[in-house]
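The next block holds one structure in the form of structure tokens; read it before the comments.
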Amino acid sequence: MKQQEIPQPTEAELELLTVLWSLGTATVREINDKLNERRTDGKEVGYTTSLKLLQIMVEKGLAQRNTDNRTHVYEAAYAQDEVQRNLLQRLADSAFEGSAMQMVMQVLGNHDASTEELDEVKALIEKVEELRKLKS
């Protein structure tokens with residue numbers, strides 16, 4: 001069975017998706033307020049900009065809109081892990097010639113990973129190895 005193609009979000013759409021994942025379902029006002037709370041660059045995003053982006057995201061299939069009430073309520077069309085997995089696969093394919101190892105080595109080499117993060121990476125490797133043993 002072929003995996004469903006997840007639309008490629010732009011950087012701005014991904015920022016809105018992150019807000020949607022944290023809120024679950026929300027109105028444009030709630031999404032815009034949370035978005036501006038999270039911004040670290042000091043540049044506020046206007047309500048109409050958020051509304052337009054959400055409309056585009058609905059058209060692309062990245063978000064869903066419930067119009068049952070007067071106020072439209074939005075939610076992400078895909079789970080966070082699905083979109084992240086898709087983005088990582090596309091990045092690995094395009095920038096690292098499909099090599100997950102090269103991608104991970106690049107990330108770990110350019111990021112000052114904490115002891116906790118490295119322990120999580122080791123635990124994940126052990127989990128993957130166990131799953132492979134079970135499959136064979």
Side-chain angles (χ1 to χ4, degrees):
M1 184 173 150
K2 188 177 182 234
Q3 185 178 5
Q4 183 179 4
E5 186 69 23
I6 297 174
Q8 181 77 27
T10 64
E11 191 173 328
E13 291 168 347
L14 193 54
E15 191 175 13
L16 279 177
L17 278 172
T18 302
V19 170
L20 280 172
W21 290 322
S22 72
L23 295 175
T25 60
T27 64
V28 178
R29 174 61 56 207
E30 293 166 334
I31 294 165
N32 186 255
D33 289 347
K34 186 70 163 180
L35 178 64
N36 285 320
E37 282 175 24
R38 297 172 74 139
R39 297 207 44 133
T40 57
D41 60 6
K43 297 178 183 175
E44 283 205 7
V45 176
Y47 174 90
T48 55
T49 301
S50 292
L51 174 61
K52 185 62 180 169
L53 272 172
L54 285 163
Q55 290 169 339
I56 292 168
M57 290 168 66
V58 168
E59 289 174 21
K60 284 176 76 171
L62 287 168
Q64 297 172 338
R65 176 179 50 221
N66 181 333
T67 58
D68 291 345
N69 298 319
R70 230 180 130 160
T71 304
H72 295 185
V73 177
Y74 292 83
E75 66 182 312
Y78 297 94
Q80 186 172 6
D81 65 328
E82 288 179 289
V83 173
Q84 289 172 337
R85 191 171 31 254
N86 185 268
L87 288 170
L88 281 174
Q89 187 60 56
R90 287 181 183 194
L91 180 62
D93 290 345
S94 64
F96 297 96
E97 297 178 345
S99 173
M101 185 200 65
Q102 285 182 7
M103 186 170 65
V104 170
M105 295 303 292
Q106 186 70 26
V107 170
L108 289 177
N110 289 325
H111 173 70
D112 190 20
S114 68
T115 303
E116 293 80 17
E117 288 174 320
L118 291 174
D119 288 343
E120 286 183 45
V121 169
K122 290 174 190 172
L124 179 60
I125 291 169
E126 290 173 8
K127 182 179 175 182
V128 169
E129 288 174 342
E130 283 299 317
L131 287 173
R132 282 202 176 152
K133 286 179 186 175
L134 292 173
K135 288 181 180 179
S136 45

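Just so it is clear, the structure is predicted and the values come from calculations on it, not from any experiment.
Here Glu59 does not pair with Lys52 in a salt bridge; the nearest charged N to carboxylate O distance is not below 4.0 Å. A salt bridge links Arg39 to Glu15: at least one charged side-chain nitrogen sits closer than 4.0 Å to a carboxylate oxygen. In this structure, Asp41 does not pair ionically with Lys43, as no charged nitrogen and carboxylate oxygen lie closer than 4.0 Å.
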Are Arg38 and Val19 close enough, and set up right, to give a side-chain contact (heavy atoms from CB on, under 4.5 Å), and what steps lead you there? CA-CA 9 Å; Arg38 297 172 74 139; Val19 170; 3.8 Å; yes

Please report the C-alpha distance between Glu5 and Arg90 in whole Å, then the side-chain angles of each, then the deciding distance to 0.1 Å, and finally whether the salt bridge (charged side-chain N to carboxylate O under 4.0 Å, His left out) criterion is met. CA-CA 11 Å; Glu5 186 69 23; Arg90 287 181 183 194; 2.4 Å; yes

Intermediate values then yes/no, side-chain contact (heavy atoms from CB on, under 4.5 Å), Leu23 and Glu75: CA-CA 8 Å; Leu23 295 175; Glu75 66 182 312; over 6 Å; no

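The shortest distance between side-chain heavy atoms of Met57 and Leu17 falls below 4.5 Å. For the pair Leu35/Glu44, no side-chain contact is recorded, criterion being any heavy-atom separation below 4.5 Å from C-beta on. Under the 4.5 Å side-chain criterion, counting only non-hydrogen atoms from C-beta, Gln64 is not in contact with Tyr74. The closest side-chain heavy-atom distance from Arg29 to Thr71 is not below 4.5 Å. Residues Leu54 and Leu20 are in side-chain contact: their nearest non-hydrogen atoms beyond the backbone lie under 4.5 Å apart. Counting only heavy atoms from C-beta outward, the side chains of Lys127 and Glu130 never approach each other to under 4.5 Å. Proximity of Leu88 to Met103: side-chain heavy atoms (C-beta onward) are separated by under 4.5 Å at one or more points.
When the shell of 6.0 Å around CG of Asp112 is examined, it contains 12 or fewer heavy atoms from other residues, nucleotides or ligands.
A donor-acceptor pair under 3.5 Å is formed between the side chain of Asn36 and the backbone N or O of Asn32. Looking only at distances, no side-chain donor or acceptor of Gln102 sits under 3.5 Å from a matching main-chain atom of Ser99. At distances below 3.5 Å, not a single donor-acceptor pair connects side-chain atoms of Asn66 with backbone N or O atoms of His72.
The nearest pair of heavy atoms linking Glu13 to Leu53 is CG-CD2, 4.1 Å. Counting all heavy atoms, side chain and backbone alike, Ser50 lies closest to Leu16 at O-CD1, 4.2 Å. Residues Ser22 and Lys34 approach most closely at OG-CE, 4.2 Å, considering heavy atoms. The shortest non-hydrogen separation linking Leu14 to Val83 is CD1-CG1, 4.3 Å. Closest non-hydrogen pair, Gly61 versus Pro7, comes out as C-CG, 4.3 Å. A pairwise comparison of heavy atoms in Tyr78 and Trp21 identifies O-NE1, 2.9 Å as the closest pair.
Cluster annotation: Ile6 is connected to Leu87 through the hydrophobic network of ILVMFWY side chains, with a link wherever side-chain heavy atoms come within less than 4.5 Å. Under a hydrophobic clustering in which Ile, Leu, Val, Met, Phe, Trp and Tyr are joined whenever their side-chain heavy atoms come within less than 4.5 Å, directly or via other members, Tyr47 and Val58 fall into the same cluster. There is a path of hydrophobic side-chain contacts, each under 4.5 Å, that joins Leu62 to Leu51.
Val121 belongs to a hydrophobic cluster whose remaining members, ordered by chain and number, are Ile125; membership requires side-chain heavy atoms of ILVMFWY residues under 4.5 Å apart, directly or through intermediates. Connectivity analysis of hydrophobic side chains (ILVMFWY, heavy atoms under 4.5 Å, direct or indirect) links Leu118 to Val104, Leu108.
Note that CD of Gln89 and CD of Gln84 are 14.0 Å apart. Values are rounded to the nearest 0.5 Å.
A donor-acceptor pair shorter than 3.5 Å cannot be found between the side chains of Glu82 and Asn86.
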